[in-house]
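Report on the structure given below.
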Number of protein chains: 2
Amino acid sequence: MARKTGSHSEITGPRIRGAALRLFARHGFAAVSMRQIAAEVGVQAGALYLYTPDKETLLFDLLKAHMDELIAAWEAEPKGDGPLARLEGFVRFHIRFNLERPDAVFLSYMELRNLGPDNFAAIEALRRDYETRLETILRDGQAAGLLAAPDTKIASLAIIAMLTGVNTWYREGGRLSRQRVGDIYWDMVRKAVAA
Amino acid sequence: MARKTGSHSEITGPRIRGAALRLFARHGFAAVSMRQIAAEVGVQAGALYLYTPDKETLLFDLLKAHMDELIAAWEAEPKGDGPLARLEGFVRFHIRFNLERPDAVFLSYMELRNLGPDNFAAIEALRRDYETRLETILRDGQAAGLLAAPDTKIASLAIIAMLTGVNTWYREGGRLSRQRVGDIYWDMVRKAVAA
DNA sequence: GATTGTATTGAACGCGCGTTCAGATAATCT
DNA sequence: AGATTATCTGAACGCGCGTTCAATACAATC
């Protein structure tokens, strides 16, 4: 009994990360065992160590990949014309992107404490990078006299917290469409930092 | 070797809850062992079971106590005159209350998944109760023509998410005083739901 | 100062944990 | 077809987990 028929590195690797992401988000990093992840994939626990050096690195890779995707997706987003359009773009992008990856978003906000100092710092830096992009929009808008936030740094954190909160209550097929959710939040954000 | 000198139920009980709260918040419920909690208090693990039937109930009691305190404290808060003053009171109260209990707030948002269905439902009901109190203020303000939120339910969730976010970045002795933080957030909230 | 009740110890229970590794099999290459 | 390499198994390692419980030491009461 050893190698399975049809087994491939390119298949098992992603399946492990997928199972780990789902299980970590659902039950918490510490509550999920390597054996559970392996069972989900249909493999023995030892096989996981062909794909990750240890459990913490598995978590780190998930968080890192999520943050990289987030920033890359925002970079690829068509930029609006002027600070107001850019701000609207950010609001709608953040909601849309996060609603498509609820598990990764939850992990990124809840399991940072399970990382060692170096890994923690790496993820934190990426998060700050993302936050700075919003702050830049707010500062530009302020300079142009289009926006007025009492403190652009705090305002960007407040806006992101508010937008990320959508993930805690939004349910597919519920009362509100994604489009409508975007409209509602854009209305509130726009007014909150209006000049 | 058994009972320690100077040991009392009224002392050990709170100390266990305090240690559990701190450790759960810091490392996560699943990552903390009963033996760690006991060591923090200075007793053996077995002694914890004089104060809780099991580990999950210990967590539940912490969350329940926090939610009860939150609602009781808001009830005891002097009510402002009219929806706008009440909203301002809510914003400042929520920030102040949460900044005084960062561990309990973090636990309440991160460790609900470790509760069984009944315990989970109990905490969720308390949370909805609290959220409804804010929504009522918004609806009253809307009815009086003083406020205009596109959706009062969503607006209340958005405001709470935004305010609770303060706990993730606020540091004592940092750039901003608590008073100033309250001012900044009240400015944003007021404008976000302004008529 | 003896008695009673409360608070605690310390050992034990079975179990699952993260991780390692020699051996076995399937896929691939020559 | 044979050799090589990539992939996976299954067993094992020592360890710490949540929980129970008889024994015991202190505090409170009489």
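Each chain gets a letter, A, B and so on, in the order its sequence line appears, and its residues count up from 1.
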Send over the distance from [X] [atom1] to [N] [atom2], rounded to a whole Å.
X     : N      : atom1 : atom2 : result
B:I11 : C:dT8  : CD1   : P     : 9 Å
A:R15 : D:dC8  : CZ    : C1'   : 14 Å
B:F29 : D:dC17 : CZ    : P     : 13 Å
B:Y49 : D:dT19 : OH    : C1'   : 5 Å
B:H27 : D:dC17 : NE2   : P     : 13 Å
A:L50 : C:dA24 : CG    : P     : 18 Å
B:L48 : D:dG18 : CG    : P     : 10 Å
B:Y51 : C:dT6  : OH    : P     : 12 Å

Should [X] and [Y] count as an ion pair when the cut-off is N to O under 4.0 Å?
X      : Y      : value
A:E77  : A:R133 : no
B:E124 : B:R127 : yes
B:E40  : B:R26  : no

note = So, with a heavy-atom separation below 4.0 Å from DNA chain D, the residues of residues 37-44 of chain A are A:V43, A:Q44
task = Check each of B:W74, B:Y185, B:Y130 against B:H94 using the ring-ring contact (aromatic ring centres under 6.0 Å, His included) test, and report the only one that passes.
result =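 Of B:W74, B:Y185, B:Y130, ring-ring contact (aromatic ring centres under 6.0 Å, His included) with B:H94 is met by B:Y130 alone.
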query = Would you say A:T12 reaches D:dT7's phosphate, i.e. side-chain N/O to OP1/OP2 under 4.0 Å?
reply =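 No, A:T12 has no side-chain N/O under 4.0 Å of OP1/OP2 on D:dT7.
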ask   = Looking at the side chain of B:M34, which of C:dT19, D:dC8, D:dG18 is the nearest nucleotide?
value = D:dG18
task = Tell me which nucleotide among C:dT8, D:dT19, C:dG18 gets nearest to the side chain of A:K55.
result =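 Between C:dT8, D:dT19, C:dG18, the one nearest the side chain of A:K55 would be C:dG18.
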Are [X] and [Y] side-chain neighbours, meaning at least one heavy-atom pair lies under 4.5 Å?
X      : Y      : answer
A:I184 : A:M188 : yes
A:L176 : A:W169 : yes
A:L70  : A:R101 : no

key: Pairs satisfying side chain to side chain donor-acceptor pair (under 3.5 Å), at least one member in residues 46-55 of chain B, at least two apart   =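 Residue pairs passing side chain to side chain donor-acceptor pair (under 3.5 Å), neighbours aside: B:D54-B:T57.
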task = Could you go through the side chain to side chain contact (heavy atoms under 4.5 Å, CB included) check for A:N167 and A:F106 one step at a time?
result = CA-CA 8 Å; A:N167 274 51; A:F106 191 77; over 6 Å; no
Nucleotides 11-16 of chain D: which of its N/O atoms have a protein N/O under 3.5 Å away?
from   : atom 1 : to    : atom 2 : distance (Å)
D:dA12 : N6     : A:R35 : NH2    : 3.3

